[in-house]
Number of protein chains: 2
Amino acid sequence: MSEEPNREIARNSLLLKSFPKSYVDTLLARSTWHSYDRGETLFLHGETARSIHIVIDGWIKLYRIAANGGETVVSVFTKGESFGEAVAFKNRKYPVSAEAVTASQVIQIPSNVLLDMMRKDLDVSVEILASTFTHLHSLVSQLEQLKAQTGAQRVAEFLLEFCDEEAGSSMVTLPYDKVLIAGRLGMKPESLSRAFAKLKPLGVRISRNHASIDDIERLREYTEEDPATSWNKVL
Amino acid sequence: MSEEPNREIARNSLLLKSFPKSYVDTLLARSTWHSYDRGETLFLHGETARSIHIVIDGWIKLYRIAANGGETVVSVFTKGESFGEAVAFKNRKYPVSAEAVTASQVIQIPSNVLLDMMRKDLDVSVEILASTFTHLHSLVSQLEQLKAQTGAQRVAEFLLEFCDEEAGSSMVTLPYDKVLIAGRLGMKPESLSRAFAKLKPLGVRISRNHASIDDIERLREYTEEDPATSWNKVL
DNA sequence: GGCCATAAATGACAATAGTCAAGCGATTGC
DNA sequence: GCAATCGCTTGACTATTGTCATTTATGGCC
């Protein structure tokens, strides 16, 4: 296993990149590398968490099976992102399940190793807190989107997340299956299709797993439009 | 200001109750007490966070105004609950706004005071992480509910959260305005009304701000029913 | 090149939830 | 006691989205 390029990705991951270099070495030395095939399960809802996960390559989805059998995709992580921070420390149980949606490589850092490090340096604690906060923030955004936007608007916002440019046109590669995108956005694949159709007049073209956007600004404006003159006027 | 009963509530708050007693004293000595009238704002989305909030009395809603003017109630906190942990440490900006929905009393602990304490004792860090995790977990639940359940089911689940009993019948006091409940559940007040109507045949009676439930088990089963034979079958 | 398997789009229909307007009921104030 | 008001409920209508069946690519594969 040629670990060098992977180590590089791990070092630059959102979680570790602001850690002191010497710490990262210790951390990586004490953590384990894993490869998962498409469809393989990392852990199931209810299992006790003992480590933090950093995605090196591929896509991992966090989902939840409701009592009635429906699946909810909570989030999807890719290269450089991490999850499970907050859960691991108290050896709590995972509130979600995790599955590889493509062949993936993942580093798992045992929580006690990180606890040791937190003991040594407050900054490590603060960094972890910050990373947890990012997840919290993204969940809040999702809630907001789901509650206050139409399907097509959510799709538009989702596409914009993958644009590097601020304005003008752009070509983004859709990261995973349409079914999964639909799940992540809280709709059925059919509705996703129709949402794409609605975005076509706005200069969005979908082909295969690529989307081309003619005018990013225009799409962003659409995102901020009223679903119908104010959604929830509490006051 | 008679602080004694309030101190007691603070000590027993979800965040502080597992802290060593001596720490809590220091913490409380260095934090500030605040009273808010109904409708008063604690902080606005985008402000820099400098402290953690513990609700002593009343109800505080966390909400977000979308670009299009729609309001999303992200969560509602009451006696003994805390919020803002993860955001305060890096002096990041609040991702949501906070407003008192009833006259409320709130303790604010400056983040640097807590940072000092984290420096001294790892357990404090871990407790904070755990409390943040609880919020994360509750957001995940909300996402799941919103994505996988009908309006009436969400209302049912919401009511069940306030039942202490496991089965049999129960009488719960609705915590806040119907408008706010509707917001928290991602629907309009009108839809909330209709949802209540749908629950009536299941033995749920609403009068004023009280709800009586004839059969908790039956309601729970309803909660777990299929909105229509499996919602999101990814795979 | 033609054929099969799978993924995606579409059309018809039903269910759910938002919109707007009207109606009720209780509380408050004069 | 009566009117004004506020909070909530209802009803008629519309829009959005899920459901199911069908059609249309698309990509291997022999």
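FYI, side chains are in, hydrogens and waters are out, and symmetry mates aren't considered; it's all heavy atoms of this structure. Protein chains get the first letters and strands the later ones, always in sequence-line order, with residue 1 at the start of each.
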> Whole-Å distance between D/dG7 C1' and B/L180 CG?
14 Å
> Roughly how many Å is it from NE2 in B/H210 to C1' in D/dG7, rounded to a whole number?
16 Å
> A/M187 CE to C/dT16 C1': how many Å, rounded?
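The distance from CE of A/M187 to C1' of C/dT16 comes to 16 Å, rounded to the nearest Å.
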> Is a donor from one side chain sitting under 3.5 angstrom from an acceptor on the other, for A/S35 and A/Q105?
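Yes, A/Q105 and A/S35 have a side-chain donor paired with an acceptor closer than 3.5 Å.
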> Please give, in whole Å, the distance from D/dA15 P to A/Q153 CD?
16 Å
> Between atom NZ in A/K198 and atom P in C/dA9, what is the gap in whole Å?
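Roughly 15 Å, once rounded to whole Å.
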> Could you state the atom-to-atom distance from CG of B/L146 to P of C/dA17 in whole Å?
10 Å
> Any chance you could list the contact pattern along nucleotides 8-14 of chain D? Use B for base contacts, S for sugar-phosphate-only contacts and - for none, protein heavy atoms under 4.0 Å, 5' to 3'.
SBBBB--
> Just checking, is any N or O donor in the side chain of B/H210 or B/S212 under 3.5 Å from an acceptor N or O on the other one?
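Checked: B/H210/B/S212 side chains show no N/O donor-acceptor pair below 3.5 Å.
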> Check each of B/I107, B/I54, B/I9 against B/L16 using the side-chain contact (heavy atoms from CB on, under 4.5 Å) test, and report the only one that passes.
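Among B/I107, B/I54, B/I9, the one that satisfies the side-chain contact (heavy atoms from CB on, under 4.5 Å) with B/L16 is B/I54.
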> Rounding to an integer number of Å, can you tell me how far A/R154 CZ sits from D/dT17 C1'?
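For the pair A/R154 CZ and D/dT17 C1', the rounded distance is 9 Å.
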> Does any N or O in the side chain of B/R64 come within less than 3.5 Å of the main-chain N or O of B/P95, such that one atom is a donor and the other an acceptor?
yes
> Regarding B/E217 and B/R220, does a basic nitrogen lie under 4.0 Å from an acidic carboxylate oxygen?
yes
> Give the ring-plane orientation class for A/F162 versus A/F158, where under 30° counts as parallel, over 60° as perpendicular and anything between as tilted.
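Ring orientation, 0 to 90° scale: perpendicular.
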